[in-house]
K.L.:
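Take this structure, written in structure tokens, and hold onto it; I'll ask about it next.
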Amino acid sequence: MPKALRIIVAEPIGFCFGVKRAINLAKRARRSHSRVWTLGALIHNPEVVAELRREGIRKVRSVRDARSGALVIRSHGCRPEILKQARGAGIEVIDATCPYVGRVQRVVSDLKTAGYSVIIVGERNHPEVQSLLGYAQDAGMVYKPHMKLKARKIGVVAQTTIPLKAFQTALADLCQGDFEELRVFNTICAEAASRQAAALKIAQGVDLMVVIGGRNSANTSRLADIAREAGKQTYQVENQQELNPGWFVPAHRVGVTAGTSTPSWVVDDVLAALRGRLTPTGEPGELAHPHPRRATPDARTFGVKRRASLSASGGVSRDRISNRRCTTNALRS
Ligand code: F3S
């Protein structure tokens, strides 16, 4: 009898705390406002954006486009001047900035006030980095390899979702510069870090990886990069329709993970497709422990082997880098 496709699901998987919170705030606002707008896509997932649109929650590109009702600031946050503009626009502003991003904004703002140049390690065009640049004002820079540092006092923060390794590499490079003081804040979010750690652990024990999430979701692409860097054939899909039976053979062990903006119903659909229909021979796939069950509305465990755990060891110590490499003090706890 041919061996079945084995499917191992990462844990944690899907929506993070900040995304769930932003969606809940937007939906709650919809109960009391006839119009609810989000400044940009609330999250980077087309399925969720379409569902929100059906519920009357629509995205706008600028504050001026939100004509009445409530305007939701997404979890990535926005520049302070945009928040100010929104608050002066005569509409209710619901700030759904993730509290972890809010913390980075405060650190950046405090560093700027204390006379530091602020280096942000992250993707220049990501909305979170753009918001942090707004808080840093003229003191802010996005990290580039081998950048020349002219400032004497430098503060460094990370975009919340970058891999720890990328932050460490940037710090090692920055430490080569000529400066008087370098203060480092490991602002990587534990939720993103735990998903990256889970993706890596699973990738190491499977034949190929399926990563589920919007193509415009940076954190989903990062999970796919991590799996590829582990040497595994990796496919990123937005939904089950994008799965190709030709990718799988029955004996394959397939790892599945999803970005922090991927809803549980999309994960469910992909798993159902993997289990039921997609091996070229028609052999059904099987979960390592095939008794799917719902853990929370947006994060399901599927009762599968927990190869990559949610445990504290999978998370990131916030001070690990700073203790090792540089003088670091938290401006705020
Ligand atoms: Fe917030 Fe971390 Fe999610 S910063 S939006 S909980 S990935």
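First listed ligand is number 1; within each ligand, the first listed atom is number 1.
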K.L.:
Report the nearest protein non-hydrogen atom to atom 3 (Fe) of ligand 1: residue, atom name, distance rounded to 0.1 Å.
P.N.:
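Atom 3 (Fe) of ligand 1 sits closest to the protein heavy atom Cys16 SG, 2.3 Å.
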K.L.:
From Cys98, does some N, O or S atom reach closer than 2.8 Å to atom 3 (Fe) of ligand 1?
P.N.:
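Not a single backbone or side-chain N, O or S atom of Cys98 is under 2.8 Å from atom 3 (Fe) of ligand 1.
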K.L.:
Side chains of Ser62 and Asp65: closer than 4.5 Å at any heavy-atom pair?
P.N.:
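Side-chain contact under 4.5 Å: yes.
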K.L.:
So with a 6.0 Å cut-off around CZ of Arg152, is the heavy-atom count from everything else above 12?
P.N.:
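More than 12 heavy atoms, drawn from other residues, nucleotides or ligands, come within 6.0 Å of this atom.
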K.L.:
Using the ring of each side chain (for Trp, its six-membered ring), is Trp247 parallel, tilted or perpendicular to Tyr235, with breaks at 30° and 60°?
P.N.:
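Rings of Trp247 and Tyr235: parallel, as their planes differ by under 30°.
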K.L.:
Kindly list each side-chain donor-acceptor pair under 3.5 angstrom involving residues 135-145, sequence neighbours excluded, with atom names and distances?
P.N.:
unit_1 : atom_1 : unit_2 : atom_2 : d
Asp138 : OD1    : Lys112 : NZ     : 2.8
Tyr143 : OH     : Asp173 : OD2    : 2.5

K.L.:
Considering only heavy atoms of Cys189, which atoms of ligand 1 have at least one such atom less than 4.0 Å away?
P.N.:
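Result: 2 (Fe), 4 (S), 6 (S), 7 (S).
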K.L.:
Relative to the heavy atoms of Thr160, which atoms of ligand 1 are at a distance of less than 4.0 Å?
P.N.:
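Listed by number with element, the hits are 4 (S).
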